[in-house]
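Keep in mind that the numbers below use all heavy atoms, side chains included, and drop hydrogens, waters and symmetry copies. Chain letters run A, B, ... following the sequence lines, proteins first, then strands; residues in each count from 1. Treat the numbers as computed from the prediction; the structure is a model and nothing was measured.
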Number of protein chains: 2
Amino acid sequence: MDIIFREKLQEKGLKVTPQRVAIYEAIVKLNNHPTAENVIDYIKENHPNISVGTVYNVLDSLVENTLLKKVKTEKDIMRYDAILSNHHHLYCAETDRIEDYVDEKLNNLINEYFEANKIKNFKVQDIKLQITGKFNNNIKS
Amino acid sequence: MDIIFREKLQEKGLKVTPQRVAIYEAIVKLNNHPTAENVIDYIKENHPNISVGTVYNVLDSLVENTLLKKVKTEKDIMRYDAILSNHHHLYCAETDRIEDYVDEKLNNLINEYFEANKIKNFKVQDIKLQITGKFNNNIKS
DNA sequence: TACACAATGATAATCATTCTTATTTAGGAA
DNA sequence: TTCCTAAATAAGAATGATTATCATTGTGTA
């Protein structure tokens with residue numbers, strides 16, 4: 001696994017440093033989707049000479065080079081919405097624009113699906129779709 | 001609209017203050033899902049005597065009393081994931097635990113749905129499900 | 001082996017958010 | 001209407017995560 005990671009670094013033209021390897025290993029070991037902070041804590045335990053700034057830098061550069069992905073959570077939420085009905089979101093990463101997307105037919109489809117295909121060991125309470133893409137116009141509806 | 005908001009405040013036992021009304025109006029006016037910062041900027045323009053701390057307080061208390069909702073975005077992302085394949089997430093708000101959820105059948109269902117039901121003025125690039133609920137066990141699989 | 005430049009360490013700076021405390025105000029009671 | 005009390009607010013300090021700075025170190029190539 002290490003070897004593959006080292007190869008990937010080289011493919012991307014990134015130097016293979018012990019810090020990068022250690023940080024990647026930390027994420028794999030902390031396989032429950034660690035936060036940057038989780039990684040920093042782990043690194044402090046196991047590689048106390050790696051500095052905090054480096055962890056952030058490495059994480060960023062690995063994400064930039066698609067050796068790592070970022071994932072969002074329910075917490076640490078940033079936007080406020082005066083519309084209270086249940087709705088999904090259309091999101092354009094380029095322009096940072098968000099629009100609401102209400103679609104009862106889709107909700108039913110998904111609910112039926114999970115009714116028929118239960119997830120093992122998990123009770124579903126709510127499902128939100130984040131639909132990423134591009135808007136065709138620049139005018140707000 | 002204002003009147004309804006004032007009534008809602010009273011129902012919740014919250015005092016009707018000019019600050020709360022102004023901040024609510026700001027969110028309605030900035031209807032493209034403002035960030036706290038967006039609201040603060042707007043307030044600074046239109047109600048320069050309302051302090052930044054108050055904006056945060058009011059936003060929080062309105063969310064707590066379900067007069068406002070929070071919405072997440074792609075940016076401001078906090079978690080790192082070494083699994084690069086396309087997958088959704090099961091999320092438990094209580095324990096902050098995240099598990100990957102891979103389901104090709106579901107992906108196909110959703111893709112087919114959007115194939116048949118295009119969204120007006122929007123080109124879909126990626127769809128992510130955030131499935132919130134509760135895990136039945138505490139043991140990591 | 002030497003060199004150039006990318007990467008790192010240490011720490012300062014930043015920026016959004018939260019906290020603190022004194023002051024003000026909304027809204028019920030007299 | 002006026003008074004009173006708890007709730008709400010203003011101002012600014014404090015916090016905490018992230019980013020920037022810059023001198024030093026290390027990787028990988030010639």
Side-chain angles (χ1 to χ4, degrees), chain A residues 2-3 5-27 34-65 67-68 70-73 75-80 96, chain B residues 2-3 5-27 33-44 46-65 67-68 70-73 75-80 96:
Chain A
D2 255 35
I3 297 157
F5 177 66
R6 288 160 189 273
E7 280 170 4
K8 280 189 183 174
L9 283 177
Q10 288 180 321
E11 275 172 33
K12 299 286 181 176
L14 297 174
K15 292 185 175 171
V16 177
T17 66
Q19 290 87 344
R20 281 173 176 159
V21 173
I23 290 164
Y24 184 80
E25 278 175 350
I27 293 165
T35 62
E37 217 191 336
N38 296 150
V39 176
I40 288 163
D41 289 347
Y42 183 92
I43 288 295
K44 269 186 185 153
E45 286 291 319
N46 299 276
H47 304 270
N49 37 340
I50 296 179
S51 79
V52 172
T54 298
V55 176
Y56 283 108
N57 283 339
V58 169
L59 289 175
D60 281 354
S61 71
L62 294 186
V63 169
E64 221 162 276
N65 289 279
L67 301 187
L68 227 50
K70 282 182 174 181
V71 173
K72 64 182 171 305
T73 76
K75 290 186 180 178
D76 313 301
I77 290 161
M78 332 241 41
R79 285 166 180 266
Y80 299 87
D96 206 31
Chain B
D2 253 38
I3 298 156
F5 177 67
R6 287 160 189 272
E7 280 170 5
K8 280 189 183 173
L9 282 176
Q10 287 180 322
E11 274 172 34
K12 299 287 180 175
L14 297 174
K15 292 185 178 171
V16 178
T17 66
Q19 290 88 345
R20 281 173 176 158
V21 173
I23 289 164
Y24 185 79
E25 278 174 352
I27 293 166
H33 307 266
T35 61
E37 218 190 336
N38 296 151
V39 175
I40 288 163
D41 289 346
Y42 183 91
I43 288 296
K44 271 187 183 152
N46 298 276
H47 304 270
N49 37 338
I50 296 179
S51 80
V52 172
T54 299
V55 176
Y56 282 109
N57 283 339
V58 168
L59 289 175
D60 282 352
S61 71
L62 294 186
V63 169
E64 222 163 275
N65 290 279
L67 299 187
L68 228 52
K70 282 183 175 179
V71 172
K72 62 184 172 300
T73 76
K75 289 187 177 178
D76 314 301
I77 289 161
M78 333 241 42
R79 285 165 181 266
Y80 299 88
D96 206 30

Atom-to-atom span, CG of B:Asp60 to C1' of C:dT18 - whole angstrom: 9 Å

To the nearest angstrom, the OH-P distance between A:Tyr56 and D:dA20 comes to 13 Å

Pick out which of B:Asp41, B:Val39, B:Asp60 makes a side-chain contact (heavy atoms from CB on, under 4.5 Å) with B:Val55. B:Val39

In whole Å, I'd like the distance from the CD atom of A:Glu64 to the P atom of C:dA6. 14 Å

Looking only at non-hydrogen atoms, find the nearest pair between B:Phe5 and B:Val21 and report the distance. CE2-CA, 3.9 Å

Please determine, for the side chain of A:Leu14, which listed nucleotide (C:dA26, C:dA7, D:dT27) has the closest atom? C:dA7

Whole-Å distance separating the NZ atom of B:Lys44 from the P atom of D:dA10: 13 Å

First encountered from the 5' end of DNA chain D, between A:Gln10 and B:Ser51: B:Ser51

For the pair made of NZ in B:Lys12 and P in D:dA7, what is the distance, rounded to whole Å? 18 Å

How far apart are the closest heavy atoms of B:Leu9 and B:Lys15, and which atoms are they? CD1-O, 4.1 Å

Under 4.0 Å from OP1 or OP2 of D:dT25: is there any side-chain N or O of A:Gln19 that close? no

Given atom CZ of A:Arg6 and atom C1' of D:dG28, what is their separation to the nearest angstrom? 14 Å

Comparing nearest nucleotides in DNA chain C, the 5'-proximal residue of the pair B:Lys15, B:Asn57 is B:Asn57

What is the distance, rounded to the nearest whole Å, between atom CG of B:Leu9 and atom P of D:dA7? 16 Å

Tell me, with the steps shown, if B:Thr54 and B:Asn57 meet side-chain hydrogen bond (donor to acceptor under 3.5 Å, both in side chains). CA-CA 5 Å; B:Thr54 299; B:Asn57 283 339; 5.3 Å; no

When rounded to whole Å, the CG to P distance for the pair B:Leu59 and C:dA16 reads 15 Å

Hey, which of these two, A:Glu37 or B:Asn49, hits DNA chain D nearer its 5' end, going by closest nucleotide? B:Asn49

Closest approach to the side chain of A:Ile50, judged atom by atom: which nucleotide of D:dA10, C:dG9, C:dA26 is it? C:dG9

Note, A:Val58 side chain near A:Tyr24 side chain (heavy atom, < 4.5 Å): no

Give a yes/no answer on whether the side chain of A:Thr17 brings an N or O atom under 4.0 Å of OP1 or OP2 in C:dT8. yes

For a quick check of understanding: with a heavy-atom distance under 4.0 Å over all strands, which category does B:Ile40 fall into, base, sugar-phosphate or nothing? nothing

